[in-house]
Amino acid sequence: MGAINTSQQLAKVRSKIDAQQQVVAKLETELQQTILGEQRNAQNVLTGAGGIQDIYKGIPDGAILFAAIKSGIQNFDGGTGTFTNVALDQDLIRQMLYQARALLGELRIEEQHYNQEVQQEQSLRKSLIDLSKA
């Protein structure tokens, strides 16, 4: 079993944070649209072109992050992966937005953890180099 490269882990977490920030921005836009009276469809917002699922594609654990967001949608059929044409109202979008922001907060905590580990590793390397020069 190899050692965990904390710099790579930090990069993965940061890519998740970038995607999560895009999701939060998309949900904020969707909320604004519903406040202005537009009907929003869950299928389009989540899995349509440019939807939340597209944002999560290609990032580590993207499917898990998407599952966390869509789990808050009523009428989601986990067996088939489809929605029963759910109209997203303000309350439902707010709920999804709260979930997305909470997940973003958790990712930031994870980023801090790996950032501290990377700094400790760099400090240890510097100390080892200084010791080997002496």
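We're numbering straight along the sequence, starting at 1.
- Annotation: side chain of Ile64 is not in contact with side chain of Tyr56 (no heavy-atom distance under 4.5 Å).
- Under a hydrophobic-cluster definition in which Ile, Leu, Val, Met, Phe, Trp and Tyr are linked whenever side-chain heavy atoms come within less than 4.5 Å, directly or via other members, Val45 and Ile35 are assigned to the same cluster.
- Nearest heavy-atom pair across Ile59 and Ala19 is CD1-CB, 3.5 Å.
- With hydrogens and angles disregarded, no donor-acceptor distance shorter than 3.5 Å links the side chain of Ser123 to the backbone of Gln119.
- Using a cutoff of 4.0 Å between basic side-chain nitrogens and carboxylate oxygens, Arg40 and Glu38 are scored as salt-bridged.
- Side-chain contact between Gln20 and Lys16 is absent, with no heavy-atom pair separated by less than 4.5 Å.
- Of the listed residues (Ile55, Asp61, Thr47), just one forms a side chain to side chain contact (heavy atoms under 4.5 Å, CB included) with Phe66, and that residue is Thr47.
- Pairs passing the salt bridge (Lys or Arg N to Asp or Glu O under 4.0 Å) check and including a residue from residues 41-56, sequence neighbours excluded, read Asp54-Lys57.
- The CZ atom of Arg108 lies 4.5 Å from the CD atom of Gln21; values are rounded to the nearest 0.5 Å.
- To the nearest 0.5 angstrom, Glu111 atom CD is 3.5 Å from Ile17 atom CD1.
- Residue pairs meeting the salt bridge (Lys or Arg N to Asp or Glu O under 4.0 Å) criterion with at least one member in residues 112-124, sequence neighbours excluded: Glu121-Arg125.
- If you chain together hydrophobic residues whose side chains sit under 4.5 Å apart, Ile93 and Leu36 never meet in one group.
- The distance from atom NZ of Lys12 to atom CD of Glu110, rounded to the nearest 0.5 Å, is 10.5 Å.
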**Request:** Carefully, step by step, assess Val23 and Leu103 under the rule side-chain contact (heavy atoms from CB on, under 4.5 Å).
**Result:** CA-CA 11 Å; Val23 168; Leu103 188 53; over 6 Å; no
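- Counting heavy atoms from C-beta outward, Ile69 and Leu46 have side chains that approach closer than 4.5 Å.
- Taking CG of Asp91 as the reference point, atom OG1 of Thr34 lies at 9.0 Å (rounded to 0.5 Å).
- How far CD of Gln120 is from CG of Asn115: 10.5 Å, rounded to the nearest 0.5 Å.
- Val24 and Leu97 make their closest contact through O-CD1, 3.7 Å (heavy atoms, listed as atom of the first residue, atom of the second, distance).
- Salt-bridge annotation for Asp130 and Lys126: present, with a side-chain N of the basic residue lying under 4.0 Å from a carboxylate O of the acidic one.
- Summarising the geometry, atom CE belonging to Met96 is positioned 9.5 Å from atom NZ belonging to Lys26; distances are rounded to the nearest 0.5 Å.
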